Each structure stands twice: as C-alpha cells, then as structure tokens.
Amino acid sequence: MCGIIGYTGKGDAKEIMLDALELLEYRGYDSAGIALLKDGRTQMIKRAGRVKDLRNLCARINPEGQCGIGHTRWATHGGVCDENAHPHRFGSVTLIHNGIIENYRELIDKYELEGSLISETDSEVVAAVLQHFYQGDPYSAIRRTVLKLKGTFALAIMFDDQPDQIFAVRNVSPIVVAATADGAILSSDVAAIVPFTTDYFVMPELHVVCLKPDKIEMYDLSGDHAKIDWLKVDWDVSRSGKGGYPFYMEKEIMEQPQVIGETILPRVKEGMPDFSEEGIPDPVFADCKRICVIACGTAMHAGLVGKSLIQWVIGIHVDVVMASEFMYNDPVVDKDTLVIAISQSGETIDTLEALKFARKCGSPSISIVNVKGASIARASEYVIYTNAGPEIAVASTKAYTTQLAVLYLITARMALARGIWDEQKAKAFMEELLRVPGVIERVLETKEEIHRLAGCIINARDVFMIGRGLDYSILLEGSLKLKEVSYIHSEAYASGELKHGTIALITEDTPVIAMVTQEKLKSKELSNIREVQSRGARVVLLMKEGETLNEGEQWSCVYRLPVMEDPFMVMPASVVLQLIAYYVSLDKGLDVDKPRNLAKVVTVE
Ligand code: AGP
C-alpha cells in the first residue's frame, strides 16, 4: 500500500522526493523517510508521522544528493515507529519496499539474521538477503534474492558503491518509471510522475530496472535486455491539486458532473451504448449465462447497483462477491460466467487475484478501472476505463459514480446485444443516463442545505441508514463513506431486516437516514420509517421532489432529490450521501482526505 519514489539526475533529490511523497501520502501516512546516495555514502532520514514532519526534519539536517529513494508507509509488519519507517539499510544496501514478504521469518533463520536487524519489518530482511548475495554485481544479487522471496514486493534499491543508480524489481505491487528533463524517476504511482512528464511505463513483474541520470535500462531475470512499452498519462494534469477546495474529497465530489459526462459520452454513438473503442465484441455481452462481479469496498457497492440493473433488465443471475472472500468460498466461475472486476486503483490485490483465478477457469472478463495501465486492467481480457481522473482523497466518490455510469452502459449494451431491447428502448435509457450530469449539478447547487442536514447527525454515536432494493445498495455506500471519514459508527440496513433484531438498537439518540426513491417500494418503506419513528428515532428522509408525505407526520429533516427514472435515482442520492459524510467530517475538524488507519490503494491481502 505504501508510496514509493526514487530519483536520480541533476536535480535536488531531497526536494523532488519530499514533493512526490506529499502526492503519494494517500497511499499510507504512518511514517515517511528518504535516503540520499552521494560520494559512496548513504544518508537516511526517516521518522514516524506525516511527510510534513519529515520535511521539517530534513530542513534541520539539510541532506544533499542527486540520487535517492523515499517512502511513505502504511504499517503492516511492525508498529508505527521511527525504526520501522523506510528506507531500511543493511551493510551497503539501502531499500524501500511496498508489499509483504510472507517468508521473512524463514529468511531470518536461513541467513542467521536474528540479532542483527534494527526494525521489526519484513523489508529490512530483504535488505539483509541482498547484502548476503552482493559481491559488486547488483543484477546478480537482485536475481538471487528475488528467487528466495515469497510474497508481494515493489523494491527500490541503492548500493553504496553504485553511484547515481537506483535498481527496482517487483512482484504484484506496482512500479512505474519515467525519464524527466534532467534524470529518471520511479514511483508506486503515476501521480508522482505527472509533474515531470506524461510518458511512463509500468515495470513488468520480475524484471530488473536500472535508473541512471541519462538512461533507463530493463532486464528480465535471466539477464536479457527487455523491451520497454511506453504509455501516456491521458488525464488532464491540471486536475491534480485541490483546485481551491479545502480538501480533495470536496473537489472530487464537485467534479462529478464533468467526469461522469466524460465517462459516458465517448461510449455513446448515435444515441446507442458503444464499446467498439474498447474492442468488446457483442458476443461477450450476449453469450454469458451469468455474471460475477468482483470488487472491494466502494467498488463492490457499485457492483451491487449493477446487479440490480442487470437482473432487472437482462434477467440473468448476477453474483457480487467481495474479492477478499472470493477464494474462501470455492468460487464457481466458468466459461459461461462473465467476470466484471471493478477497481478505482486497479491495484487492489484481492480483486486482482480473484480476477486471475477466474481467467484460469476460462471466464471472459471485463474490468472497470480508473487508473490507466493498472494491474487489474492488464490482467483482464477487456477494460473499460472510468474517466474520473486522479482520485486522491482516500474516500472514493467520483470513482464510484463513474463506475455506476459504466454499469448503466454495460446494461444497455447487453440488452441490445441479447435482443432484449430494440433501439428505441435503448435510446430512451441512454437519454436518461445523459441527464445524470445535469441532475447531479442541481444536487451540488444545494450543498449548503445538505451541510445543514449533516448537522442532524454530527453528534450521534451511531447512525442507521435504511432503504430497500436500490436504495439499500446506495445506503451501504453512504454508510461506508460516513464511517470512513467521520468515525461515526453507522450501519446500512435493508428496512425489512430491521425487525429481525437491529431495531433493538434504535433509541431517541439514534438518527436514521431513510431513503425512498423507488416507487414500487414506497409504501413498504414508509411503514418501516414509521416503525423507527415510533421508537423515538430522528429520521432524515431523502425522497423525490414532488412526492407527497402524509399530513401530520413528523419528519426531523427532509431532502428532496431531483427526479429521474427510478433506476437512475441512485446517482443524485449518492452525491447527497457523499456530501453528508464530507460535512460531518469537516465540521468535526478531521483530516477528511486521510482518515486514520486507511490507505487509498490496498495492495496487501
Ligand atoms: C472507498 O472510500 C474506500 N476507501 C475503499 O473501500 C475502496 O473502494 C476499496 O479499497 C477498493 O479500492 P479500489 O477501487 O481501488 O479497488
């Protein structure tokens, strides 16, 4: 999960790395550190805390050098302390690591390292094994070490006697590499490369890259020269940065009308959904007998909306499986199962591993990914990119709604490919989909009203969210958002389930957010709301504009959603829930973009 950076060239490596680490901090923010190699000496500066703390420390020490590696950590092995911060050093080897070395204990025993390590990390063990094999040939030492490692790793390594050079190798955990105007750079993430160039490449697994100030070389593990496949960052670089908002989360919420439009429009040809640019032939949509969506967290919640849409329109069975559980339930996927993997980062390891397994079983696969060239995109047969641009806030917002947009497009294309809809029906659906950006714009115009709604729950210890069908699916996401950024305990409940136990928790101190956007479920839903009201709960009601409420009923707060066809109401409703979570976090004075214990990219199981 950690962020990694390496730079060698003519620039001030310390400044370049500190700036990059700030951009990468969303990957983990338990500790940060850098190492600079100069005149055969390596200087390491690291500490628990944020990159700003590291910057202050560097200002006091003022290290110099034009070649260095840096790291921002999300702790796995070993607690949050200065010793466990990266880089790690053993003998003349200094490295940073992202991933988990599963056999680190065995390596400690095999190479008799007990007592000679300073930290509790698996990463320092790798440095020690590298040192064991190092006799002046970095490639040979790296090759021999990699053959001993079990687990996932992205490693950037410096050797004291290899001036101006950084070596890198990876398995699963990503590394991207680029040339800058005056040197070469590597990172876990394109976000750190974008300030320098739009040309980069993704290191293939089990290859060794050597960065020199004027050259980048890549070899496979047999020592043969490997060809580099260059890619281009094709998001608008000006979208990086907070754009005047106090937090990325607000900026990313506000960007949704634009990025949803940019996700839909290139896939609409003459009013019809179209995936010819992605090269997805219609039989992929027409021939499958069932669908299995694999994803984690927010992306999985998008999958739940997709399930409702596809089962409603197409009438085939859709499973939505938490990727982290996929392998533990004897997954049943085959050549008739279309697997759809959804991931903002494209690097979530559980999703990636589940996808690879499904492909081995012969399943056709489509991934819905935001980050271009990410591992999940490369591991699937077809990829549909959400054009959300960089999502920096740990809490996902615009990635979620653009994932939903793609799922609407898939539903429509599938209905056409299977002959379920004629052109007229598909066109009508697409017209409604094309209204989404404008409707969300209207919700955003009411953000101060939503800010006031957030006031109804800010002091709560627990918040329940209730709804049925599609409303329940989006409340699951709304509840995750609230928990993650406000630290308020919250549960989304299918309203009909409440009576089976959970209603026991409802008291006068429990705000309940109730969502009623589906006409066919409205009367049942209103009865469930009355049930919690009778137990004293304060209800915040989200319902369509123009809907009537029974006279005399007591509602603490009501928000009126702009009206769309029922299957599309999830779009405006999601944005309201995102803003509620955001304002609660903001008004509590929390670090909205970097909630405690979290990281944006989850590359460990
Ligand atoms: C969302 O707010 C979360 N931070 C998290 O649930 C996220 O959606 C999940 O980790 C999956 O990430 P991915 O989309 O990059 O695969």
Side-chain angles (χ1 to χ4, degrees), residues 1 3 25-29 74 172-174 188-191 247-250 252-253 256 293-306 320-326 340-356 367-380 383-386 388-404 406-407 473-487 490 492 574-575 577-582 584-585 590-605:
M1 305 175 57
E25 214 176 13
Y26 67 102
R27 280 185 156 258
Y29 29 87
W74 188 83
V172 183
S173 310
S188 47
D189 213 313
V190 281
F247 287 100
Y248 281 105
M249 185 175 176
E250 183 175 351
E252 289 163 5
I253 290 172
Q256 287 176 109
V293 178
I294 43 181
C296 293
T298 293
M300 190 210 45
H301 293 153
L304 291 172
V305 174
V320 180
V321 190
M322 263 179 232
S324 55
E325 283 291 304
F326 185 78
I340 302 182
I342 310 178
S343 173
Q344 187 287 129
S345 62
E347 300 296 346
T348 301
I349 190 160
D350 290 316
T351 310
L352 179 62
E353 292 304 314
L355 171 64
K356 285 182 180 165
S367 61
I368 302 173
V369 172
N370 193 39
V371 176
K372 308 280 162 4
S375 306
I376 291 171
R378 284 179 289 115
S380 68
V383 53
I384 304 171
Y385 285 112
T386 46
E391 190 181 67
I392 306 296
V394 166
S396 184
T397 53
K398 61 178 181 169
Y400 172 69
T401 47
T402 52
Q403 286 159 357
L404 295 182
V406 170
L407 289 162
S473 300
I474 30 170
L475 288 169
L476 283 168
E477 172 55 14
S479 167
L480 174 65
K481 215 85 309 173
L482 185 66
K483 280 188 272 246
E484 122 179 274
V485 298
S486 75
Y487 313 147
S490 146
S574 308
V575 176
L577 295 169
Q578 293 168 353
L579 282 168
I580 290 177
Y582 171 72
V584 172
S585 179
L590 300 173
D591 188 346
V592 182
D593 287 338
K594 297 190 187 88
R596 69 182 173 218
N597 303 338
L598 294 177
K600 182 77 181 160
V601 190
V602 182
T603 52
V604 291
E605 285 169 315

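Atoms within each ligand, like the ligands themselves, are counted from 1 in listed order. As the structure is a computational prediction, the values presented were derived from the model and not from experiment. Heavy atoms only: backbone and side chains are in, while hydrogens, waters and symmetry mates are out. All residue numbers refer to positions in the sequence shown, counting from 1.
Per-residue contacts place Val394 under 4.0 angstrom from the following atoms of ligand 1 (heavy atoms of the residue considered): 2 (O), 4 (N). Residue Gly297 approaches ligand 1 through these ligand atoms, each under 4.0 Å from one of its heavy atoms: 6 (O). For ligand 1, the atoms closer than 4.0 angstrom to any heavy atom of Ala395 are 2 (O). Applying the 4.0 Å criterion to heavy atoms of Ser396 picks out, from ligand 1, the atoms 1 (C), 2 (O).
Between the side chain of Tyr385 and the backbone N or O of Gly373 there is at least one donor-acceptor pair closer than 3.5 Å. A donor-acceptor pair under 3.5 Å links the side-chain atoms of Ser479 to the main chain of Ser490, judged by distance alone.
Counting heavy atoms only, Glu484 comes closest to atom 2 (O) of ligand 1 of the residues Glu347, Glu484, Met300. The nearest non-hydrogen atom to atom 7 (C) of ligand 1, considering only Ile342, Thr298, Thr397, Leu598, comes from Thr298.
For atom 10 (O) of ligand 1, the closest non-hydrogen atom on the protein side is Val602 CG2, 3.9 Å. Scanning the protein for heavy atoms near atom 12 (O) of ligand 1, the closest one is Thr348 OG1, 3.4 Å. With hydrogens left out, the protein atom closest to atom 15 (O) of ligand 1 is Ser345 OG, 2.6 Å, a heavy atom. Protein heavy atom in closest approach to atom 9 (C) of ligand 1: Cys296 O, 3.7 Å. Looking only at heavy atoms of the protein, atom 14 (O) of ligand 1 is closest to Gln344 N, 2.6 Å.
Using a 4.5 Å cut-off on side-chain heavy atoms (C-beta onward), Lys600 and Gln344 make contact. With a 4.5 Å cut-off on side-chain heavy atoms, Val394 and Tyr29 count as touching. No side-chain heavy atom of Leu590 sits less than 4.5 Å from a side-chain heavy atom of Phe247. Counting heavy atoms from C-beta on, the side chains of Ser396 and Glu391 come closer than 4.5 Å.
The two residues Leu475 and Leu577 have their closest heavy-atom pair at CD2-CD1, 4.0 Å.
Counting heavy atoms closer than 4.0 Å to ligand 1, residue Lys481 contributes side-chain atoms (C-beta onward) but none from N, CA, C or O.
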Intermediate values then yes/no, side chain to side chain contact (heavy atoms under 4.5 Å, CB included), Lys372 and Val190: CA-CA 9 Å; Lys372 308 280 162 4; Val190 281; over 6 Å; no
Stepwise side chain to side chain contact (heavy atoms under 4.5 Å, CB included) test for Ser188 and Arg27: CA-CA 9 Å; Ser188 47; Arg27 280 185 156 258; 3.5 Å; yes
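With sequence neighbours excluded, the residues satisfying side-chain hydrogen bond (donor to acceptor under 3.5 Å, both in side chains) with Tyr582 are Glu250.
Residue contacts with ligand 1: Gln403 is placed with no nitrogen or oxygen under 3.5 Å of a nitrogen or oxygen of the ligand (distance criterion only). The shortest N/O to N/O separation between Lys600 and ligand 1 does not fall below 3.5 Å. An N or O contact shorter than 3.5 Å is missing between Thr351 and ligand 1 by distance.
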